[in-house]
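Just so you know, these numbers use all the heavy atoms, side chains as well, and skip hydrogens, waters and symmetry mates. Only a predicted model underlies this, so the values are computations on that prediction, with no experimental measurement involved. So you know, we letter chains A, B, ... as the sequences are listed, proteins then strands, and number each from 1.
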Amino acid sequence: MPLPTLAAIQLGRNIEGQWIWQHLDFELQPGERLAIVGPSGVGKSLLLRSIAGLDPIQAGKLMFEGKPVSTLSKPRYRAQVIYLHQRPALLEGTVEFNLRQVYRLSLHRQKAYNREQILQYLAPLDRDGDFLQRSVENLSGGEAQIVVCLRALQLAPQVLLLDEPTASMDEATAQQIEGLVAQWLQADPKRACVWTSHNTSQIERVTDRQFILNREP
Amino acid sequence: MDQNYIPISNGQLVLASSLILINMGLSFGLRLGLEKSLGIATVRLVVQLLLVGYILDWVFALDNPWLVLLVALIMSAIAGHASVSRTRRRFPSIYWHSLLSILASSALVTGLLVQGVIRIDPWYDPQYVIPLLGMVLGNTLTGTSLALDRFMEDVVRLRSQIESLLALGATRWEAAGTTIKEAIRTGMIPTINSMMVVGLVSLPGMMTGQILGGVNPTDAVRYQIVIFFTIAAGTALACMGIVMLAFRVLFSADHQLRLDRLEKCDR
């Protein structure tokens, strides 16, 4: 059996003496699409943030391709396991400027911005080069989320952690985001993703397995 | 000491303090509700300054290096505390960090000034060390407090942008870079602004004081020029110091933005 892409072992998150969740064990296999479900306020976002290493964990450990995440360089790990925020944050400027900006980070400096690849991603969404020239100020919430998604996908990560990426979005735009993720998954059978969503039909569409997060007693 | 100036007697002090009656009258007439604050401020001004005058007289008379250092340390501690008390958020070690950056930078630049430039003898001569240090501290305090406040407010305001960068593989340094630069800039602006207009809009207090004390204006401005450069250097160092220290607290070695370490304080 191949190594799981991600494995959580007895993971626990404590905020000010209160366990949000603890003793979590789960694995994400290569190629898998996992959903994290549970009532709101149970800490789904916190779990995704902890997996991405954006928040510290207070118990247990996390393994990425067999290695403890605590021993990996966080920027390098995060470029492989990208967390997408609920609320997209873009810099002032055009869509393309935002996409290019990522390559100024020291980790990605040796790679080059690939416009062709972006256009390939955009084609099924009925968008072309004009979209890249638009100012992010004039984007709708859904379009901004598309940009944020592209910004991550162009780095060819192994795992995407999608934190309610389509919350408060109309069905059509939500499906465009789903389509982008599907394109990225298709390109490499080892790629895997984790979703949280309040939309149960979406969860059924985009994931194969559910991990249920329960409130701490 | 030969006296080139007219000393102010207690009676004259009382006479001058009657000027505050203008403020009182205005506050009363326009119902500004400032009478109480004005009263407290007046009493504090008189008591604090008279007290400082006596303490300095005593320190100057004793002429003891340890005493000078102690006074310098107390002044720095008060500046470190005051710098933090003007900010809107706190993190656990903020007071130490503030004291450390203000003390280190002020001590360094004041030391360079009195030893390297003015060359006082003995090295601790309180007549020079204490007023010069006081001026440097007063300005670094303003700078660090602005820089620190700006930095903490910006990391909160720009949280999602900073975390988006971190999530894409940015180091903590890359994610915070713009915020750090903005904060240091903010801290240095008042000093640069006052250097721009000095002499045109304002006659600095130190220069005015020296002129009143009988020093030639041409000599007084030389002192003022020297002290301005010292203040500029001290403020720059202190701003950089406090922002870097705050950065290390708010951005962990694991490249995480730790806003949980930040607390809002109600003022």
For B/Arg157, side-chain contact (heavy atoms from CB on, under 4.5 Å) partners two or more places apart: B/Asp154
Picking from A/Ala152, A/Ser106, A/Ala52, which has the most non-hydrogen pairs under 4.5 angstrom with chain B? A/Ser106
Could you tell me which of A/Lys74, A/Glu16, A/Arg76 has the largest number of non-hydrogen atom pairs under 4.5 Å with chain B? A/Lys74
Of all heavy-atom pairs linking A/Arg78 and B/Asp254, the shortest is NH2-O, 3.1 Å
Non-hydrogen atoms of A/His108 and B/Gly169 that approach each other most closely: NE2-CA, 4.4 Å
Taking atom [atom1] of [X] as the centre, report whether more than 12 heavy atoms of other residues, nucleotides or ligands fall under 6.0 Å from it.
{"X": "A/Gln110", "atom1": "CD", "answer": "yes"}
{"X": "B/Trp123", "atom1": "CH2", "answer": "yes"}
{"X": "A/Gln18", "atom1": "CD", "answer": "no"}
{"X": "B/Gln115", "atom1": "CD", "answer": "yes"}
{"X": "B/Arg44", "atom1": "CZ", "answer": "no"}
{"X": "B/Phe229", "atom1": "CZ", "answer": "no"}
{"X": "B/Met240", "atom1": "CE", "answer": "no"}

Residue pairs involving residues 226-253 of chain B (criterion side-chain hydrogen bond (donor to acceptor under 3.5 Å, both in side chains); sequence neighbours excluded): B/Ser252-B/Gln256
Any non-hydrogen side-chain atom of A/Ile82 less than 4.5 Å from a side-chain atom of B/Leu168? yes
Comparing B/Glu163, B/Arg258, B/Gln161 against chain A, the one with the most heavy-atom pairs below 4.5 Å turns out to be B/Glu163
Answer with side chain, backbone, both or neither: which region of [X] has an atom nearer than 4.5 Å to a non-hydrogen atom of chain B?
{"X": "A/Leu90", "result": "backbone"}
{"X": "A/Leu54", "result": "both"}
{"X": "A/Pro56", "result": "both"}
{"X": "A/Arg104", "result": "backbone"}

Taking 4.5 Å as the heavy-atom cut-off, does anything in residues 98-114 of chain B contact chain A, and if so which residues? none
Does anything in residues 170-194 of chain B get under 4.5 Å of chain A by heavy atoms, and if so which residues? B/Ala170, B/Thr171, B/Glu174
